There are 2 protein chains.
Amino acid sequence: MDERQALASFAALSQETRLAIVRTLVVAGPDGLAAGLIAERMGVSPSNVSFHLKELERSGLIAMRRESRSIVYSASYDALADLVKFLMEDCCAGHPTIRESVERSDGCCGTDAACGEIDVVA
Amino acid sequence: MDERQALASFAALSQETRLAIVRTLVVAGPDGLAAGLIAERMGVSPSNVSFHLKELERSGLIAMRRESRSIVYSASYDALADLVKFLMEDCCAGHPTIRESVERSDGCCGTDAACGEIDVVA
DNA sequence: TCCATATTTCAATAATCCTTTAATCATTGA
DNA sequence: TCAATGATTAAAGGATTATTGAAATATGGA
């Protein structure tokens, strides 16, 4: 991931509604959610959610596809992983112990299977 | 790291000059750099760099200390690691393979010692 | 104390971003 | 084709953020 894309990704994640959308889509899995459903869950107007979805899509963090009348958005797991890597490598560049610190942390998927509930495609 | 702080961190990193400052400070190591030196390296005015440093400090990503006439800024490795974790856990929440993907990547500190050049304090 | 250095703060302008409302576009089914 | 549904786009506003230059603050040394 180049710096340009990283900047866009950080900008995309720096807004409350957008961060909430990303978290929701990540949990929703590869099938994604229709724009209307997202708007409903976030409690914001359709046009406002559309604005933020476009912003997120522009950054590459989410993908969209039309499905009949709906437009379905889904998290781009690759882009998210790339962003984590970008951040890690920047940290790591000066401080190798950060990687260890992160890997040592007990995220939900460290060793257990608490995330097995969601189908994984890519 | 709570959402509030993550938002502030993403906002801090979403600006070109600030991202460059963070990368420079991370590479500079725990000793940090004086504000004047940072301004010089970035090629921006002292007052402008001061504005961005304050923004970064407000987000917790960097720390400051006075040292004689200079004010020295240094990367907050803990905060950076926390941000990586926040992002990983958000990804991980829906897609356990991202963690694997990130851990598989050959960042500069994967297995070699290319980063040993910098003293590590924390 | 006085001056020079290092940096911040302030004020003003410019630029960008967010929200809202109204209008438009695309798809489906009667 | 017409109406209904789901969503985007456009325009306008208000709010936040970035940049610049001038003035103010803090430190150290003559």
Side-chain angles (χ1 to χ4, degrees), chain A residues 3-25 28 31-76, chain B residues 3-25 28 31-76:
Chain A
E3 177 168 322
R4 184 179 169 69
Q5 209 178 340
L7 280 167
S9 299
F10 288 136
L13 294 176
S14 71
Q15 207 279 337
E16 196 171 357
T17 301
R18 286 196 297 261
L19 181 57
I21 291 174
V22 169
R23 300 177 94 167
T24 299
L25 289 182
D31 287 350
L33 289 174
L37 272 179
I38 299 171
E40 200 178 316
R41 290 206 195 172
M42 303 296 135
V44 302
S45 72
S47 85
N48 193 14
V49 94
S50 187
F51 170 83
H52 288 304
L53 286 169
K54 196 168 71 173
E55 204 69 6
L56 283 167
E57 209 253 341
R58 218 171 49 84
S59 80
L61 290 176
I62 68 174
M64 62 183 278
R65 66 177 192 277
R66 179 172 279 280
E67 201 152 286
S68 179
R69 266 188 272 212
S70 297
I71 294 187
V72 175
Y73 289 88
S74 53
S76 170
Chain B
E3 178 169 321
R4 183 180 171 69
Q5 208 179 339
L7 280 168
S9 300
F10 289 135
L13 295 176
S14 71
Q15 206 281 336
E16 197 172 358
T17 302
R18 287 196 296 262
L19 181 57
I21 291 173
V22 169
R23 301 177 94 166
T24 300
L25 290 182
D31 287 351
L33 289 174
L37 273 179
I38 299 171
E40 200 178 315
R41 291 205 195 174
M42 301 299 134
V44 302
S45 71
S47 85
N48 192 14
V49 95
S50 186
F51 169 82
H52 288 304
L53 285 169
K54 197 169 72 172
E55 205 69 7
L56 283 167
E57 208 252 340
R58 219 171 48 83
S59 81
L61 290 176
I62 69 174
M64 61 184 278
R65 65 177 193 277
R66 178 172 280 279
E67 201 153 286
S68 179
R69 265 187 273 211
S70 298
I71 296 186
V72 175
Y73 289 88
S74 52
S76 171

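Bear in mind that the values here come from a model prediction, so they are computed numbers and not experimental data. Each chain gets a letter, A, B and so on, in the order the sequences are listed, and its residues count up from 1.
The phosphate of dT19(D) has OP1 or OP2 within less than 4.0 Å of a side-chain N or O from His52(B). Residue Tyr73(A) has a polar side-chain atom (N or O) positioned under 4.0 Å from OP1 or OP2 of dT8(D). For the OP1/OP2 pair of dA18(D) and a distance below 4.0 Å, the side-chain nitrogens and oxygens of Thr17(B) include no atom meeting the criterion. Taking 4.0 angstrom as the limit, Arg18(A) places a side-chain polar atom (N or O) nearer than this to OP1 or OP2 of dC18(C).
Position along DNA chain C of the nearest nucleotide to Met64(B) versus Arg58(A) favours Met64(B) as the more 5'-ward residue. The residue among Ser68(A) and Leu37(B) whose nearest nucleotide of DNA chain C is located toward the 5' end is Leu37(B).
Computed from coordinates, the Glu67(A) CD to dA7(D) C1' distance equals 14 Å when rounded to whole Å. Straight-line distance from the CD atom of Glu55(B) to the C1' atom of dT17(D): 8 Å, rounded to whole Å. A straight line from CZ of Phe51(A) to P of dT21(C) spans 16 Å, rounded to a whole angstrom. Separating the CZ atom of Arg69(B) from the C1' atom of dG28(D) is a distance of 4 Å, rounded to the nearest angstrom. When the C1' atom of dT27(C) is taken as reference, atom CZ of Arg65(A) falls 16 Å away, rounded to whole Å. With rounding to whole Å, Leu33(A) atom CG is found 11 Å from dA7(D) atom P. Here the P atom of nucleotide dG14(D) and the CG atom of Asn48(A) are 17 Å apart, to the nearest Å. Rounded to a whole Å, the CD atom of Glu16(A) is 13 Å from the P atom of dT16(D).
Side-chain atoms of Ser47(B) lie closest to dA22(D) of the nucleotides dA22(D), dA26(D), dT27(C). Distances from the side chain of Ala35(A) to the nucleotides dT9(C), dA26(D), dT8(D) place dT8(D) closest.
Annotation: side chain of Leu53(B) is not in contact with side chain of Met64(B) (no heavy-atom distance under 4.5 Å). Residues His52(A) and Val44(A) fail the side-chain proximity criterion, which asks for heavy atoms closer than 4.5 Å.
Across all strands shown, Gln15(B) has heavy atoms under 4.0 Å from sugar-phosphate atoms exclusively, and none from any base. As judged by a 4.0 angstrom heavy-atom cut-off over every strand, Ala34(A) is placed among residues touching the sugar-phosphate backbone only. Heavy atoms of Ser70(A) sit under 4.0 angstrom from primed sugar atoms or phosphate atoms, though from no base atom.
In this structure a side-chain-to-backbone donor-acceptor pair under 3.5 Å is missing from Arg18(B) to Ala20(B).
Classification of Glu55(B) and Arg58(B) as a salt-bridged pair holds, one side-chain N sitting under 4.0 Å from a carboxylate O.
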